[in-house]
Amino acid sequence: MSYHFLRLALPALVLCAAATSQGAEVTVHIVNFDFVSGPGQGHFDPTINVGDDVKWVWDAIDHSTTSVAGIAESWNSTVNLDPNFTFTHTFTHVGDFQYYCLMHGFDNGNGTAGGMHGTIHVVPEPASIAALALGVGLLVRRRRR
């Protein structure tokens, strides 16, 4: 592969990879007094990447998903009476984000929650194809010097 080809193709590859990168969506079901991965499953505290969405699905009424105060991510679905309601939040910061149900949980005032509560673990986005392509392009360029 010639240096000139890489010099021309690499920017296009980087732009294409960046344009097609989309966050994933993780679903958390709200059942009677817990946040779970699906009907009949146990408690669920998902680990996601920065830029991913968490979609909460109400399988029971009279619940909410509300972030504790004083953290980098903030959301509040309010209490919902519709068993088919959904609420989605996109996470843009790395860290552990606790939340609770306004009706059945509480904010401890120190970044944690009690009662009916959960945690979203957000980790950095894995290296993208664009970053890998850029690294390969730089290596090839160095070898040709």
Side-chain angles (χ1 to χ4, degrees), residues 1 5-143:
M1 206 178 282
F5 173 78
L6 282 175
R7 203 176 92 210
L8 295 173
L10 193 56
L13 178 62
V14 169
L15 287 174
C16 288
T20 59
S21 176
Q22 294 180 346
E25 182 177 87
V26 173
T27 301
V28 176
H29 291 263
I30 301 176
V31 297
N32 286 327
F33 313 112
D34 206 359
F35 299 98
V36 301
S37 61
Q41 301 296 312
H43 184 79
F44 182 48
D45 289 332
T47 298
I48 63 171
N49 295 316
V50 169
D52 289 351
D53 295 334
V54 173
K55 179 170 106 176
W56 286 270
V57 176
W58 272 246
D59 292 339
I61 62 172
D62 290 334
H63 296 292
S64 78
T65 171
T66 305
S67 61
V68 297
I71 59 175
E73 298 282 345
S74 177
W75 69 93
N76 182 5
S77 68
T78 68
V79 175
N80 202 284
L81 302 176
D82 180 358
N84 297 314
F85 184 73
T86 64
F87 177 83
T88 302
H89 179 77
T90 303
F91 286 82
T92 59
H93 296 86
V94 171
D96 290 338
F97 302 100
Q98 291 211 6
Y99 65 98
Y100 63 102
C101 171
L102 285 170
M103 298 287 289
H104 306 103
F106 50 91
D107 185 337
N108 288 322
N110 62 359
T112 65
M116 183 179 172
H117 72 283
T119 304
I120 306 297
H121 307 283
V122 183
V123 298
E125 187 176 10
S128 68
I129 293 172
L132 292 173
L134 181 60
V136 168
L138 292 174
L139 283 174
V140 169
R141 183 176 178 197
R142 271 193 192 162
R143 291 183 126 185

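Quantities reported herein were computed from a predicted structural model and do not represent experimental measurements.
- In this structure, the side chains of W75 and S67 come closer than 4.5 Å at one or more pairs of heavy atoms.
- A centroid separation of 6.0 Å or more is found between the aromatic rings of H89 and F87.
- A 4.5 Å side-chain heavy-atom check between I61 and P83 finds at least one atom pair inside the cut-off.
- Side-chain atoms of D53 never come within 3.5 Å of backbone atoms of T88 as a donor-acceptor pair (strictly under, hydrogens ignored).
- The closest side-chain heavy-atom distance from V123 to V94 is not below 4.5 Å.
- Scanning both residues, A113 and Y100, for their nearest heavy atoms gives CB-CB, 3.9 Å.
- Ring-plane geometry between W56 and F91 is classed as tilted, the angle between the planes lying from 30 to 60 degrees on a 0 to 90 degree scale.
- With sequence neighbours excluded, the residues that form a side chain to side chain contact (heavy atoms under 4.5 Å, CB included) with D59 are H29, V31, P39, V57.
- Between the side chain of D52 and the backbone N or O of A24 there is at least one donor-acceptor pair closer than 3.5 Å.
- Using cut-offs of 30° and 60° for the angle between ring planes, the F33 and H104 rings count as perpendicular.
- Under a 3.5 Å cut-off, the side chain of N110 and the backbone N or O of T112 do form a donor-acceptor pair.
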How far apart are the C-alpha atoms of W58 and N84, what are their side-chain angles, what is the distance that settles it, and do they pass the side-chain contact (heavy atoms from CB on, under 4.5 Å) test? CA-CA 6 Å; W58 272 246; N84 297 314; over 6 Å; no
